[in-house]
**Student:** 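Below is the structure I would like to discuss, written out as structure tokens.
Here the structure is a predicted model, which means the values were calculated and not measured. Computed from heavy atoms alone, side chains included, the values below leave out hydrogens, waters and symmetry copies.
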Amino acid sequence: MIALLIRRMLSLAVTLLVVSLLIFTVMDLLPGDPAAIMLGTSASPETLAALQKQLGLDQPLPVRYLAWLAGVFRGDLGQSYTYGVPVAGLIGERLAVTLPLALIAILLSVAIAIPLGVQAARKHNGPFDFVAGLFSYISIAVPAFWVGLLLIILFSTMLGWMPAGGFPGWDAGLVAGFKALLLPAVALALPQAGVLTRVARAAVLEVMNEDFVRTARAKGLSESVALWRHAVPNALVPVFTMLGLQFTFLIAGAVLVENVFNLPGLGRLAYQALSQRDIIVMQDVVLFFSALVILMNFLVDLAYLVVDPRLRAGAQ
Amino acid sequence: MRKLLRRPVFLIGLVITLALFAVALLSLVWTPFPPTKMNIVHKLKAPLDFGLLGTDQFGRDVASMLMVGAWNSLSTSILAVLLGASVGTAIGVVVAMRRGWLELVVMRGCDIVFAVPPILSAMMLGAFIGSGRFTAIIAIGVFMVPVFARLALGAALQIWTRDYVTAAVSMGRPRLKITLVHVLPNISNQIIVQVTIQLGLAILTEAGLSFLGLGMPPPTPTWGRMLADAQTFLGQAPWLALMPGLAIALAVLGLNMLGDGLRDLLDPRDNS
């Protein structure tokens, strides 16, 4: 088990290194000089040369990459061109919005999907199953940012119950913070919930026919006890796998939803960096998000090993 | 045909998708009003007040913009998915043919490419080469490559274990020829189903990109930008935010249902 864990960690490290190299190289291969892009067309040659030197653009690619990587290990992601502050601090600050947003969205989507999926599987082919199926079809098809707009129209413009956007900061208190994140989280959770409902339904259907559930029922356990104690925990594994696989889409959704609700999160940071041509911030945020996705998939893999002893044996 | 009628998911999906294509193609030759023509006098009119679906803040006809938006969204998405499907499938079948270290490298590579959401790669691309249809197609298409590579590899590996392929190998047929004659035709059904489903995802992504201003530049109407513009007028003209979103959702719903229906229809195990 320990050896396996170490091997997995090594492979994770290699993957992350390759990702960083890839992002760095792609950014380098793209036409256009970052310094020129950041300064715009009106910059004087002297300013341009100065910024190129400051960004280390006069160095060859491997040197720049290693310098940047060394910085990443020291927690130094470079200096933001527009904000004039270290990017690491900027990311940390924005993470305080994006992370809770993503967590609430994940919790919401699981809280919607598990009961729906389980009940749909239980009343397989019945009317409830049909409605649950309809729900997942529709929620997968609607863009999260559009749901956000509809929620704003309904709960802010018409009813006036919720703020239409913006974030008061966690200093304004937990309640105010959560209130600002609730509508965006619902918008973000809905498409995820649709996907997860399907997975949960399929997983429960499959597990319900397995021997251990039949045994549990034969032992005299009631249907719902057999279901919730034996079938559902086993069905959770594919649900969490899907959650890991969907993480890319959750991040993409967060970028959009943060822009709809004007939330000062990482997605908005990336977008602002784009419009302000702050290449360093963009590069770091993209790397951060990609690393997060890869880490997430690694954790799902790991959780799989912990949950399923057969895989543990097979993987060795 | 009777078998088709018993598959409502497939039928509904087919009808919606055909309607979407019809509207998109129609917009090339006819729209109720010129979609980019401004008419400030008639700005922000409610549906049926002016035109079928009202007008936006410049007095442009919403119905006409939606029609052209359908074409812009579909054409971008189709090109992106074709890019992803052709490159991904090629990678998948070649890896299935060679296996060994290549499989490991390519699959790791797929994990990595898949880790960068298209919204972010479009932002990076946009910063350097400018945003537009080309950027959107590349960003979405590249993201689709791993999806098709994984699918094609898995499906192709299964075909390689079949007896007729073993027979062909033992007869000394070149592996490339086996791939072209036996593997590709046998995995094409699965690829087609995936193309349909990814098309829905591509439409969603394209809408997101143009919502952020990373899609086709104005004044070209896109569903995403119509939503972005509508955000300023949520209080005054909430219907402006309704229609483009509904169009996106309907298009994606249709394609997803068609994909699911096709999968059931083409799956030999399910023909009982």
**Student:** Whether the side chain of B:Gln231 engages the backbone of A:Val260 through a donor-acceptor N/O pair (distance < 3.5 Å, no angle test) should be reported.
**Tutor:** yes
**Student:** Side chain of A:Trp146, backbone of B:Ala241: donor and acceptor closer than 3.5 Å?
**Tutor:** yes
**Student:** For B:Leu246, is it the side chain, the backbone, both, or neither that has a heavy atom closer than 4.5 Å to a heavy atom of chain A?
**Tutor:** both
**Student:** Would you indicate whether the side-chain heavy atoms of B:Leu204 and A:Val142 approach each other to under 4.5 Å?
**Tutor:** no
**Student:** Which one wins on heavy-atom pair count under 4.5 Å against chain B: A:Phe289, A:Phe249, A:Tyr271?
**Tutor:**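 Highest number of heavy-atom pairs under 4.5 Å: A:Tyr271.
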**Student:** What closest approach, in Å, do B:Ala115 and A:Thr248 show between heavy atoms, and which atom pair accounts for it?
**Tutor:**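 Shortest heavy-atom contact: CA-OG1, 4.5 Å.
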**Student:** Highest number of heavy-atom pairs under 4.5 Å with chain A: which of B:Thr205, B:Asn256, B:Asp111, B:Asp260?
**Tutor:** B:Asp260
**Student:** Let me know if A:Leu245 has heavy atoms under 4.5 Å from chain B in its side chain, its backbone, both or neither.
**Tutor:**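 The backbone, not the side chain.
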**Student:** What part of B:Phe114 gets within 4.5 angstrom of chain A, counting heavy atoms only: side chain, backbone, both, or neither?
**Tutor:** both
**Student:** Can you tell me which portion of B:Ile203 sits under 4.5 Å from chain A's heavy atoms? Options are side chain, backbone, both or neither.
**Tutor:** neither
**Student:** Does atom CD (B:Glu103) have a neighbourhood of more than 12 heavy atoms from anything else shown, all under 6.0 Å?
**Tutor:** yes
**Student:** Heavy-atom distance under 4.5 Å between the side chains of A:Ser11 and B:Arg108, does that happen here?
**Tutor:**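 Yes, at least one pair of side-chain atoms sits under 4.5 Å.
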**Student:** To the nearest 0.5 Å, what is the distance between CG on B:Leu242 and CG on A:Leu150?
**Tutor:** 6.0 Å
**Student:** If I take atom CD1 from residue B:Ile112 and atom OG from residue A:Ser290, how far apart are they, to the nearest 0.5 angstrom?
**Tutor:**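 OG of A:Ser290 is found 10.0 Å from CD1 of B:Ile112.
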**Student:** Nearest 0.5 Å please: distance from the CG atom of B:Leu227 over to the CG atom of A:Leu256.
**Tutor:** 10.5 Å
**Student:** Among A:Ile294, A:Val286, A:Val293, find the one that has a side chain to side chain contact (heavy atoms under 4.5 Å, CB included) with B:Val116.
**Tutor:**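 Option passing the side chain to side chain contact (heavy atoms under 4.5 Å, CB included) with B:Val116: A:Val286.
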**Student:** Of all of A:Val147, A:Leu287, A:Thr15, A:Val285, which one pairs up most often with chain B through heavy atoms under 4.5 Å apart?
**Tutor:**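 Of the options given, most contacts go to A:Thr15.
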**Student:** First locate atom CZ of A:Arg268, then atom CG of B:Leu212, and finally report the distance between them rounded to the nearest 0.5 Å.
**Tutor:** 9.5 Å
**Student:** Determine the option with the most heavy-atom pairs under 4.5 angstrom with chain A, choosing from B:Pro118, B:Pro238, B:Gly200.
**Tutor:**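 Highest number of heavy-atom pairs under 4.5 Å: B:Pro238.
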**Student:** Before giving the answer on side chain to side chain contact (heavy atoms under 4.5 Å, CB included), spell out for A:Val255 and B:Met123 the whole-Å C-alpha distance, their side-chain angles and the decisive distance to 0.1 Å.
**Tutor:** CA-CA 11 Å; A:Val255 173; B:Met123 282 184 181; 3.8 Å; yes
**Student:** Identify which part of A:Ile140 has an atom lying under 4.5 Å from any heavy atom of chain B, answering side chain, backbone, both or neither.
**Tutor:**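 Both backbone and side chain.
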